[in-house]
Amino acid sequence: MGRLFVQSLEGKIYSCKHCRTHLALCEDIVSKSFHCRHGKAYLFSKVVNVTSGEKEERMMMTGLHTVADIFCVGCGSIVGWKYETAHEKSQRYKEGKSVLERRVKMSGPDGSNYWVSHEAQVGSSDADDV
């Protein structure tokens with residue numbers, strides 16, 4: 001195994017709930033209207049410090065998608081998934097974007113335990129369209 005390089009973000013960030021590794025910036029949120037088995041989730045145009053699992057076909061509320069679970073590079077926790085392919089034309093805007101689970105998987109910068117600024121403590125969060 002090689003050396004782990006972790007990218008640090010500046011500003012209002014979302015971080016892994018378990019190890020506080022930076023995952024995404026508030027400004028990269030595309031939608032806060034996503035849901036998963038565990039509650040709410042956010043769609044991001046860009047995430048960092050994650051690795052992708054195997055691609056798989058998954059039936060979601062909005063139809064069939066090819067997705068890959070994403071894992072925090074700091075601790076290995078599953079933090080959400082990435083949309084590889086949307087099989088319905090109306091859902092193609094999701095391709096290449098990632099969903100982070102809000103309630104249990106990530107922390108954020110708003111004081112309600114899932115928002116956090118660069119200097120502040122992190123909270124928690126969950127995400128998914130299933």
Side-chain angles (χ1 to χ4, degrees):
M1 187 165 156
R3 184 175 174 164
L4 179 67
F5 290 96
V6 177
Q7 183 176 347
S8 292
L9 300 174
E10 297 288 331
K12 291 184 178 180
I13 59 168
Y14 284 92
S15 302
C16 176
K17 176 182 180 180
H18 305 288
C19 71
R20 299 185 178 164
T21 297
H22 295 177
L23 299 174
L25 290 169
C26 180
E27 63 198 45
D28 291 328
I29 294 174
V30 174
S31 175
K32 292 183 178 183
S33 304
F34 284 69
H35 291 84
C36 68
R37 291 170 229 137
H38 306 290
K40 293 183 179 182
Y42 295 165
L43 180 68
F44 288 86
S45 58
K46 179 183 175 187
V47 297
V48 297
N49 300 323
V50 297
T51 57
S52 294
E54 295 292 318
K55 293 179 187 177
E56 65 181 61
E57 300 293 316
R58 201 176 288 172
M59 181 57 75
M60 303 202 169
M61 291 170 48
T62 56
L64 185 64
H65 295 81
T66 304
V67 299
D69 287 333
I70 53 176
F71 303 86
C72 173
V73 298
C75 66
S77 296
I78 185 170
V79 292
W81 69 92
K82 180 177 181 178
Y83 285 102
E84 300 291 342
T85 307
H87 297 280
E88 295 184 27
K89 190 174 184 176
S90 67
Q91 300 299 308
R92 294 216 174 118
Y93 74 95
K94 297 176 183 176
E95 292 181 343
K97 295 177 177 63
S98 299
V99 173
L100 295 178
E101 297 184 16
R102 213 186 74 178
R103 186 178 54 94
V104 274
K105 308 296 183 183
M106 70 176 189
S107 302
D110 72 355
S112 58
N113 239 10
Y114 52 90
W115 281 93
V116 73
S117 68
H118 185 64
E119 299 81 22
Q121 293 291 329
V122 286
S124 73
S125 183
D126 269 321
D128 198 338
D129 259 17
V130 237

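Each residue takes its place number in the sequence, starting with 1.
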How many angstroms lie between atom [atom1] of [X] and atom [atom2] of [Y], to the nearest 0.5 angstrom?
X	Y	atom1	atom2	answer
Glu10	Ser8	CD	OG	7.5 Å
Ser31	Tyr93	OG	OH	6.0 Å
Met60	His87	CE	NE2	10.5 Å
Ser45	Glu27	OG	CD	8.5 Å
Glu88	Thr62	CD	OG1	7.0 Å
Thr66	Lys55	OG1	NZ	8.0 Å

Is any side-chain heavy atom of [Y] closer than 4.5 Å to one of [X]?
X	Y	value
Glu95	Thr85	yes
Glu56	Val67	yes
Asp69	Glu54	no
Ile70	Leu100	yes
Ile13	Leu23	no

key: For Val48, all residues meeting side-chain contact (heavy atoms from CB on, under 4.5 Å), sequence neighbours excluded   =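 Result, side-chain contact (heavy atoms from CB on, under 4.5 Å) vs Val48: Gln7, Leu9, Lys46.
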Could you tell me whether a side-chain N or O of [X] sits under 3.5 Å from a main-chain N or O of [Y], the two making a donor and an acceptor?
X	Y	answer
Gln91	Ala86	no
Asn49	His22	yes
Ser77	Val79	no

Residues Glu57 and His65: side-chain donor-acceptor under 3.5 angstrom =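 Distance-only check fails for Glu57 and His65.
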message = Can you see whether Tyr83 has Lys97 sitting over its ring - NZ or CZ less than 6.0 Å from the centre and within 45° of the normal?
response =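 No.
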inquiry  = Show, in sequence, the C-alpha distance, side-chain angles and deciding distance for Ile29 and Tyr14, and conclude whether the side chain to side chain contact (heavy atoms under 4.5 Å, CB included) test is met.
reply    = CA-CA 10 Å; Ile29 294 174; Tyr14 284 92; 3.7 Å; yes
message = If you compare all heavy atoms of Leu43 against all heavy atoms of Lys94, which two are closest, and at what distance to 0.1 Å?
response =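 Taking every non-hydrogen atom into account, CD2-CG, 4.5 Å.
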task = Please name the pair of heavy atoms, one in Thr21 and one in Cys72, separated by the smallest distance, quoted to 0.1 Å.
result =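 Reported closest heavy-atom pair: CB-SG, 3.8 Å.
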key: Glu84: salt bridge (charged side-chain N to carboxylate O under 4.0 Å, His left out) partners, not counting sequence neighbours   =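 Glu84 satisfies salt bridge (charged side-chain N to carboxylate O under 4.0 Å, His left out) with no other residue.
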task = Please name all residues satisfying salt bridge (charged side-chain N to carboxylate O under 4.0 Å, His left out) with Asp28, sequence neighbours left out, ordered by chain then number.
result =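 Asp28: no salt bridge (charged side-chain N to carboxylate O under 4.0 Å, His left out) contacts found.
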